Amino acid sequence: MSKPVPADFWTQPVVPLARALIGTTLLVDDVGGVITETEAYDIDDPASHAFGGPRGRNLIMFGRVGRAYVYKIYGIHWCLNFVGGAHPGSAVLIRALEPRYGLERMIERRNLADPRTLCSGPGKLAQALAIDQALNGAPLDQPPFALFLGEAPEIVTGPRIGITKAVDHPWRFGLRGSRYWSRAFPKDG
DNA sequence: ATGACGATGCACT
DNA sequence: GTGCATCGTCATG
């Protein structure tokens, strides 16, 4: 963990932003680790909650950058996004991280001890870091959030997971060689 | 290893 | 009523 996030970090286009977030250390209340997997979602993107313009739950995506967008999926799991990009209506889904800090609290919350699967998926990550609706709209540069850039790592790329529209956009990014992904990336990536 | 399936709430038609 | 930016469990190869 090293330098804090520069002020213009969040206003770069969302795809480079999603790449830049790989290798970043994310803490929520001192629990977290190194982000190993992200996905970009943009406004002109049928798979995005922002598609079709500002309404209902997606309003946060059209608000200030550098904030959390948290939503519930399948009635059960929470998912954490970072609002950012060159224009309103874009965000980065945080899909996985390598646990480094607060392992005991993650293990409690997940009721499972294998570090490999503690945060290997957006729903698991949210559960391990106690992300829920209460953090929707919360600024990422203030507690309980803390974010620290690392050295720029090597990145692998692939199609996004779990969507049925715009399936061919290669907007999923991973920390090359990490064992802490939700699923493998296709070869060559 | 891969695949089916249910859980459970809410946005949208 | 339908469809999710998912996960754990169960079954089968």
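Since the structure is predicted, the reported quantities are computational estimates derived from the model, not experimental observations. Below, chain A is the first sequence line, B the second, and so on; all start at residue 1.
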Colleague: Looking across every strand, which nucleic acid part, if any, lies under 4.0 Å from A/Thr164 by heavy atom: base, sugar-phosphate, or nothing?
Modeller: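 Sugar-phosphate: the residue A/Thr164, judged by heavy atoms under 4.0 Å, touches backbone atoms but no base.
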Colleague: Other than A/Ile60, which residues form its hydrophobic cluster under the rule that side-chain heavy atoms must be closer than 4.5 Å?
Modeller: A/Tyr41, A/Ile43, A/Met61, A/Phe62, A/Tyr69, A/Tyr71, A/Ile73, A/Tyr74, A/Val83, A/Leu93, A/Ile163, A/Val167
Colleague: Are any protein N/O atoms closer than 3.5 Å to N/O atoms in nucleotides 10-13 of chain B? If there are, list each pair with its distance.
Modeller:
from   : atom 1 : to      : atom 2 : distance (Å)
B/dC12 : OP1    : A/Arg55 : NE     : 3.3
B/dC12 : OP1    : A/Arg55 : NH2    : 3.3

Colleague: Is there a donor-acceptor pair under 3.5 Å between the side chain of A/Asp29 and the backbone N or O of A/Val31?
Modeller: no
Colleague: Expressed in angstrom and rounded to an integer, what is the separation of A/Phe173 atom CZ from C/dA5 atom P?
Modeller: 19 Å
Colleague: Please tabulate the protein-to-nucleotide N/O contacts below 3.5 Å involving nucleotides 4-8 of chain B, giving atom names and distances.
Modeller:
from  : atom 1 : to      : atom 2 : distance (Å)
B/dT8 : O2     : A/Tyr74 : O      : 2.1

Colleague: Without decimals, in angstroms, what is the distance between A/Arg183 CZ and C/dC7 P?
Modeller: 11 Å
Colleague: Reckon A/Ser48 has a side-chain N or O less than 4.0 Å from the OP1 or OP2 of C/dA5?
Modeller: no
Colleague: Report whether A/Leu118 and A/Tyr180 are members of the same hydrophobic cluster (ILVMFWY, side-chain heavy atoms less than 4.5 Å apart, transitive linking).
Modeller: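 Unlinked, A/Leu118 and A/Tyr180 end up in two clusters.
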Colleague: Separation of A/Trp78 atom CH2 from C/dC7 atom P, in whole Å?
Modeller: 15 Å
Colleague: Nearest 0.5 angstrom please: A/Thr25 OG1 to A/Leu147 CG, how far?
Modeller: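 These two atoms lie 8.5 Å from each other.
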Colleague: Stacking here means centres under 5.5 Å and planes under 30°; does A/Tyr41 stack on C/dA5?
Modeller: yes
Colleague: Could you state the CD-P distance from A/Glu37 to C/dT6, rounded to the nearest angstrom?
Modeller: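 Whole-Å distance recorded here is 10 Å.
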Colleague: What is the distance from atom CG of A/Leu103 to atom SG of A/Cys119, rounded to the nearest 0.5 Å?
Modeller: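 Nearest 0.5 Å value for the CG-SG distance: 8.5 Å.
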Colleague: Run A/Glu37 and A/Ser182 through side-chain hydrogen bond (donor to acceptor under 3.5 Å, both in side chains) and show every step you take.
Modeller: CA-CA 8 Å; A/Glu37 184 182 341; A/Ser182 63; 2.8 Å; yes
Colleague: Using a 3.5 Å distance criterion without hydrogens, assess whether the side chain of A/Arg55 forms a donor-acceptor pair with backbone atoms of A/Gly53.
Modeller: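 Yes; judged by distance alone, with no hydrogens or angles, the pair exists.
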Colleague: Establish, for the pair A/Arg67 and A/Phe82, whether the NZ or CZ atom is under 6.0 angstrom from the six-membered ring centre and no further than 45 degrees off its axis.
Modeller: no
Colleague: Return yes if a side-chain donor-acceptor contact under 3.5 Å exists between A/Gln127 and A/Arg109, otherwise no.
Modeller: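 Per modelled atom types, A/Gln127 and A/Arg109 side chains form no pair under 3.5 Å.
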Colleague: Keeping A/Ser90 on the side-chain end and A/Gly84 on the backbone end, is there a donor-acceptor pair under 3.5 Å?
Modeller: yes
Colleague: Do A/Val5 and A/Asp141 come within less than 4.5 Å of each other through their side chains, counting heavy atoms only?
Modeller: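 Side chain of A/Val5 against side chain of A/Asp141, heavy atoms only: no contact under 4.5 Å found.
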Colleague: Could you grab the distance from atom OG of A/Ser48 to atom NZ of A/Lys165, nearest 0.5 Å is fine?
Modeller: 10.5 Å
Colleague: Return yes if some donor-acceptor pair links the side-chain N/O of A/Arg110 with the main-chain N/O of A/Thr117 below 3.5 Å, else return no.
Modeller: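 At least one qualifying donor-acceptor pair exists.
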Colleague: Quick one: stems involving DNA chain B, counted as three or more successive Watson-Crick or G-U pairs, both distances short of 3.5 Å.
Modeller: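 Stems for DNA chain B, defined as runs of 3 or more consecutive pairs: B:1-7 with C:6-12, B:9-12 with C:1-4.
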Colleague: Does anything in residues 110-122 of chain A reach DNA chain C, meaning a heavy atom under 4.0 Å, and if so which residues?
Modeller: A/Arg110, A/Gly121, A/Pro122
Colleague: Starting from P on C/dT6, measure out to CZ on A/Arg160 and report it in whole angstrom.
Modeller: 11 Å
Colleague: Between CD1 of A/Ile155 and CZ of A/Phe173, what distance do you get to the nearest 0.5 Å?
Modeller: 8.0 Å
Colleague: Measuring from atom CG of A/Leu129 to atom CG of A/Leu27, what distance do you get when rounded to the nearest 0.5 angstrom?
Modeller: 8.0 Å
Colleague: Is there a side-chain contact between A/Lys165 and the phosphate of C/dA5, meaning an N or O under 4.0 Å from OP1 or OP2?
Modeller: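 The answer is no; no side-chain N or O of A/Lys165 sits under 4.0 Å from OP1 or OP2.
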Colleague: Between A/Asp168 and A/Arg160, is there a salt bridge with N-O shorter than 4.0 Å?
Modeller: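 Judged by the 4.0 Å cut-off on N to carboxylate O distance, A/Arg160 and A/Asp168 do not form a salt bridge.
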Colleague: Grab the N/O contacts between the protein and nucleotides 11-13 of chain C below 3.5 Å, and write none if there aren't any.
Modeller:
none

Colleague: Identify, between A/Lys124 and A/Met61, the residue whose nearest nucleotide on DNA chain C lies closer to the 5' end.
Modeller: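 Between the two, 5'-proximity favours A/Met61.
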